[in-house]
A.B. asks: 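Dropping a structure here in C-alpha cells format, bear with me for questions.
Only this structure's heavy atoms are used, side chains among them; waters, hydrogens and symmetry mates stay out. Remember, predicted model here, so these are calculated numbers, not experimental data.
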Amino acid sequence: MIEPIRQRAHRDLEPLHKAIGDSNIVLLGEASHGTSEYYTWRARISQRLIEEKGFKFIAVEGDWPDCYELNRYVKGRTEPGLKARDVLHKFDRWPTWMWANWEVVALAEWLREFNQGKPEQDKVGFYGLDVYSLWESLAVVYAHLREHHPNKLQDAMEAISCFEPFNRDAQEYAWHTRLTVDDCEDEVVDLLRSLRTTEPKYPDDPESHFDAEQNALVAVNAESYYRAMVRADNDSWNIRDIHMADTLDRLLDFHGSKGIVWEHNTHVGDARATDMAEADMVNIGQLVRERHKGSFLVGFGSYQGSVIAGNSWGALMQVMPVPQASESSWEGILHQASFEDCVLIMDDFRDVPGFDTRRGHRAIGVVYRPEYERMGNYVPTDLTRRYDAFIFIDQTKALHPLHLEEHAGPEPPETYPWGV
C-alpha cells in the first residue's frame with residue numbers, strides 16, 4: 001500500500017487544480033480549527049480558483065453577521081482607514097481564533113486588493129455559513145427594518161422580546177423549551193415572512209436586503225437548532241449542516257457563479273463514507289454532492305505538530321502539542337510513505353489495495369486534550385469516498401490568533417507565504 005502512495009501522490013498543487021476542472025463548488029476541509037497550514041494552503045488554493053477559474057465567494061464555518069462585516073471590508077464598503085485586522089479583531093464569539101487570526105488577515109487583504117477597481121458584480125465576497133448567531137442576527141434585522149421599513153419594525157420587536165428573558169443564553173432558552181410548551185418559533189418565522197414582503201431596492205448597498213433576509217433565516221434555524229440541542233439525538237447537527245448547505249445554495253443563486261467553502265473535515269467530507277451515516281447524520285459535503293453535479297471535496301490531515309485549542313468549552317486558547325498520529329490511521333500510513341507534503345487525487349487510488357477499507361482519520365476540534373486523543377479523535381473513514389482529493393502535511397504548526405497576547409503586536413508574525 002505504501003509503495004503505490006509513493007508512486008501516485010503528487011508534490012505540488014497542479015494535479016489538484018487539473019482534477020478540480022470545471023467544478024463550480026469546491027469544499028476545502030481541515031483536520032483542526034487551529035492549524036496554520038490548513039488556512040494558508042486553503043488560501044493558496046482559493047487564490048488560484050478566484051484568479052484562474054472565476055470563483056466569486058468564499059463561505060466559511062463562521063457566523064453570518066461577523067463574516068458579513070469582513071465581506072463589506074473586502075468589497076471596499078467600510079470606512080476609510082480600516083484594516084482587516086480591525087474587522088477580525090471584533091470577532092468575539094468563542095472560539096475567536098477560528099477567524100480572528102493573522103492567516104485570515106492576509107487572505108482578507110489580498111481579497112480587498114483583488115476587488116479594487118472591479119464593478120460590484122465582479123467582486124469576490126466572504127460569508128459565514130453557520131447558525132449560532134441568533135441574537136446578533138435579530139439585531140441586524142431590527143436595524144435594517146428601522147432604517148428601510150419602519151412599518152415592519154413591530155415584527156422584529158416581538159421576536160426580540162420573546163428571547164429577552166433568556167439573557168442571550170442559548171442553553172437557558174433551550175432548557176426552557178424542553179421544560180415548557182413556550183418557544184419563540186412563531187415569532188422568528190413571522191419575522192422572516194414579514195421581511196420577505198419588503199421591496200429589496202438599496203442602490204448604495206446591493207447586498208443589504210440579501211443580508212437582512214439571511215439574518216432572518218439564521219434566526220429561524222438557530223431557534224430550531226437551540227431547541228434540538230438539549231435532546232439526546234443528532235437533530236441539532238443535521239439542522240446546522242442543512243442550514244449551511246441551504247445558505248451555500250442561496251449564495252450560489254445570488255452570485256450566479258462559483259463558490260468555495262472552508263469548513264472542518266467533519267462537515268466537508270461526505271458523511272456517508274464515515275460512521276456518521278450509521279448515526280443518521282448528514283453534512284454539507286454529502287448534501288452538496290446530492291444537490292450539485294459540479295462539486296469537488298478536498299480533505300486535509302497531518303501527522304504531528306502543534307495546534308490552537310482549549311481544554312474545555314469556553315476555556316482560554318493555548319498552543320497544544322499534536323502527538324504523532326496512530327500508525328494504523330490514514331495519517332500514520334502517509335507518514336510511513338515518507339512524504340513531507342503531498343496531494344492524493346482519489347481517482348488515482350480507488351484500485352489500490354487497502355484504500356477500499358476504513359481507517360481512522362484524525363479530527364481535532366476547538367476542545368482538545370492531546371493526552372486523550374486516541375480515545376475519540378479518529379473518525380473511521382473510507383478516504384476515496386469521503387473526498388475527491390486529500391492534502392497531507394507531515395509537520396504542522398499552530399495558528400496565529402489575533403487575540404493571543406504574543407501575537408498582539410502591530411505587525412503579523414511570520415506565517416507561510418501562501419500568496420506566492
A.B. asks: Any Lys/Arg nitrogen of Glu61 or Arg240 sitting under 4.0 Å from an Asp/Glu carboxylate oxygen of the other?
C.D. replies: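 Salt bridge between Glu61 and Arg240, a charged N being under 4.0 Å from a carboxylate O: yes.
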A.B. asks: Run the salt-bridge test on Arg72 and Glu79 with the 4.0 Å N-O cut-off and return the result as yes or no.
C.D. replies: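 Result for this pair is no, no salt bridge flagged.
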A.B. asks: Which of these, Phe392, Trp330, Tyr387, sits in a ring pair (Phe, Tyr, Trp, His ring centres under 6.0 Å) with His361?
C.D. replies: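 That would be Tyr387.
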A.B. asks: Would you name the heavy atoms of Asp275 and Pro380 that are closest together and state the gap between them?
C.D. replies: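 Minimum heavy-atom separation between Asp275 and Pro380: OD2-CD, 3.5 Å.
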A.B. asks: Aromatic ring centroids of His209 and Phe254 under 6.0 Å?
C.D. replies: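 When the ring centroids of His209 and Phe254 are compared, they turn out to be at least 6.0 Å apart.
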A.B. asks: Strictly distance-based, threshold 3.5 Å: is any side-chain N or O of Asp241 a donor or acceptor partner for the main-chain N or O of Ile284?
C.D. replies: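 Yes; judged by distance alone, with no hydrogens or angles, the pair exists.
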A.B. asks: Have a look at Ile391 and tell me which of Asp341, Val298, Leu344 forms a side chain to side chain contact (heavy atoms under 4.5 Å, CB included) with it.
C.D. replies: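 Result: among Asp341, Val298, Leu344, Val298 is the only option passing the side chain to side chain contact (heavy atoms under 4.5 Å, CB included) with Ile391.
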A.B. asks: Measuring only between side-chain heavy atoms, which start at C-beta, is Leu28 closer than 4.5 Å to Ile45?
C.D. replies: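 Heavy-atom side-chain distance check passes, below 4.5 Å.
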A.B. asks: Taking His10 for its side chain and Asp12 for its backbone only, find out whether a donor-acceptor pair lies under 3.5 Å.
C.D. replies: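 No, His10 side chain to Asp12 backbone: no donor-acceptor pair under 3.5 Å.
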A.B. asks: Looking at Arg350 and Asp356, is there a salt bridge between them, counting it only when a charged N and a carboxylate O are closer than 4.0 Å?
C.D. replies: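 No, no charged N to carboxylate O under 4.0 Å.
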A.B. asks: Between Glu340 and Arg11, is there a salt bridge with N-O shorter than 4.0 Å?
C.D. replies: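 Looking at Arg11 and Glu340, the cut-off is not met.
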A.B. asks: Say you draw a straight line from CE of Met317 to NE2 of His33; how long is it, rounded to the nearest 0.5 Å?
C.D. replies: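 Reported value, rounded in 0.5 Å steps: 14.0 Å.
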A.B. asks: Is there a donor-acceptor pair under 3.5 Å between the side chain of Asn234 and the backbone N or O of Trp237?
C.D. replies: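 No; zero donor-acceptor contacts below 3.5 Å.
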A.B. asks: Mark yes when over 12 heavy atoms from residues, nucleotides or ligands other than Glu327 sit less than 6.0 Å from its CD; otherwise mark no.
C.D. replies: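 No.
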A.B. asks: Assess the residue pair Glu120 and Arg77 against the criterion (salt bridge (charged side-chain N to carboxylate O under 4.0 Å, His left out)); give the C-alpha distance rounded to whole Å, side-chain angles, the decisive distance to 0.1 Å, and a yes or no.
C.D. replies: CA-CA 11 Å; Glu120 185 63 36; Arg77 297 199 203 118; 2.4 Å; yes
A.B. asks: What do you reckon, is CD of Glu113 surrounded by more than 12 foreign heavy atoms closer than 6.0 Å?
C.D. replies: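 Counting other residues, nucleotides and ligands, CD of Glu113 stays at 12 neighbours or fewer.
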A.B. asks: Does Arg291 come within less than 4.0 Å of Asp246, counting only side-chain N to carboxylate O?
C.D. replies: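 Yes, charged N to carboxylate O under 4.0 Å.
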A.B. asks: Would you kindly say whether Asp211 and Asn215 are connected by a side-chain donor-acceptor distance under 3.5 Å?
C.D. replies: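 Distance-only check passes for Asp211 and Asn215.
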A.B. asks: Is there a donor-acceptor pair closer than 3.5 Å between any side-chain N or O of His89 and the backbone N or O of Asn101?
C.D. replies: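 No; zero donor-acceptor contacts below 3.5 Å.
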A.B. asks: Indicate yes or no: does Arg93 engage Asp63 in a salt bridge with an N to O separation below 4.0 Å.
C.D. replies: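 Salt bridge between Arg93 and Asp63, a charged N being under 4.0 Å from a carboxylate O: yes.
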A.B. asks: So, Arg227 and Glu223, do they make that salt bridge, N to O below 4.0 Å?
C.D. replies: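 Yes, charged N to carboxylate O under 4.0 Å.
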A.B. asks: Please determine if Lys90 and Glu69 form a salt bridge, counting it only when a charged side-chain N lies under 4.0 Å from a carboxylate O.
C.D. replies: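 Looking at Lys90 and Glu69, the cut-off is not met.
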A.B. asks: Please walk me through it: do Glu290 and Arg272 pass salt bridge (charged side-chain N to carboxylate O under 4.0 Å, His left out)?
C.D. replies: CA-CA 11 Å; Glu290 290 174 345; Arg272 295 169 295 183; 3.5 Å; yes
A.B. asks: May I ask you to check whether Tyr226 and Tyr173 place their ring centres under 6.0 Å from each other?
C.D. replies: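 Distance test on ring centres: not under 6.0 Å, no.
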A.B. asks: Look at atom CG of Asp22 and say whether more than 12 heavy atoms of other residues, nucleotides or ligands are closer to it than 6.0 Å.
C.D. replies: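 At most 12 heavy atoms, drawn from other residues, nucleotides or ligands, come within 6.0 Å of this atom.
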A.B. asks: Tell me whether the count of non-hydrogen atoms from other residues, nucleotides or ligands lying under 6.0 Å of NZ in Lys118 goes above 12.
C.D. replies: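 Yes.
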A.B. asks: Can you tell me which residue pairs pass the ring pair (Phe, Tyr, Trp, His ring centres under 6.0 Å) test with a partner in residues 290-321, sequence neighbours excluded?
C.D. replies: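 Sorted pair list: Tyr38-Phe300, Trp94-Trp313, Tyr303-His335.
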A.B. asks: Determine, for Glu109 against Arg112, whether the closest basic-nitrogen to carboxylate-oxygen distance falls under 4.0 angstrom.
C.D. replies: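 No salt bridge links Glu109 with Arg112.
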A.B. asks: Flag the pair Glu51 and Arg48 as a salt bridge only when some basic side-chain nitrogen lies within less than 4.0 angstrom of an acidic carboxylate oxygen.
C.D. replies: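 No, this pair does not count.
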A.B. asks: What residues, two or more places apart in sequence or in another chain, satisfy ring pair (Phe, Tyr, Trp, His ring centres under 6.0 Å) together with Tyr132?
C.D. replies: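 Ring pair (Phe, Tyr, Trp, His ring centres under 6.0 Å) check on Tyr132 returns Tyr225.
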A.B. asks: Is a salt bridge present between Arg8 and Glu3, judged by a nitrogen-to-oxygen distance below 4.0 Å?
C.D. replies: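 No, this pair does not count.
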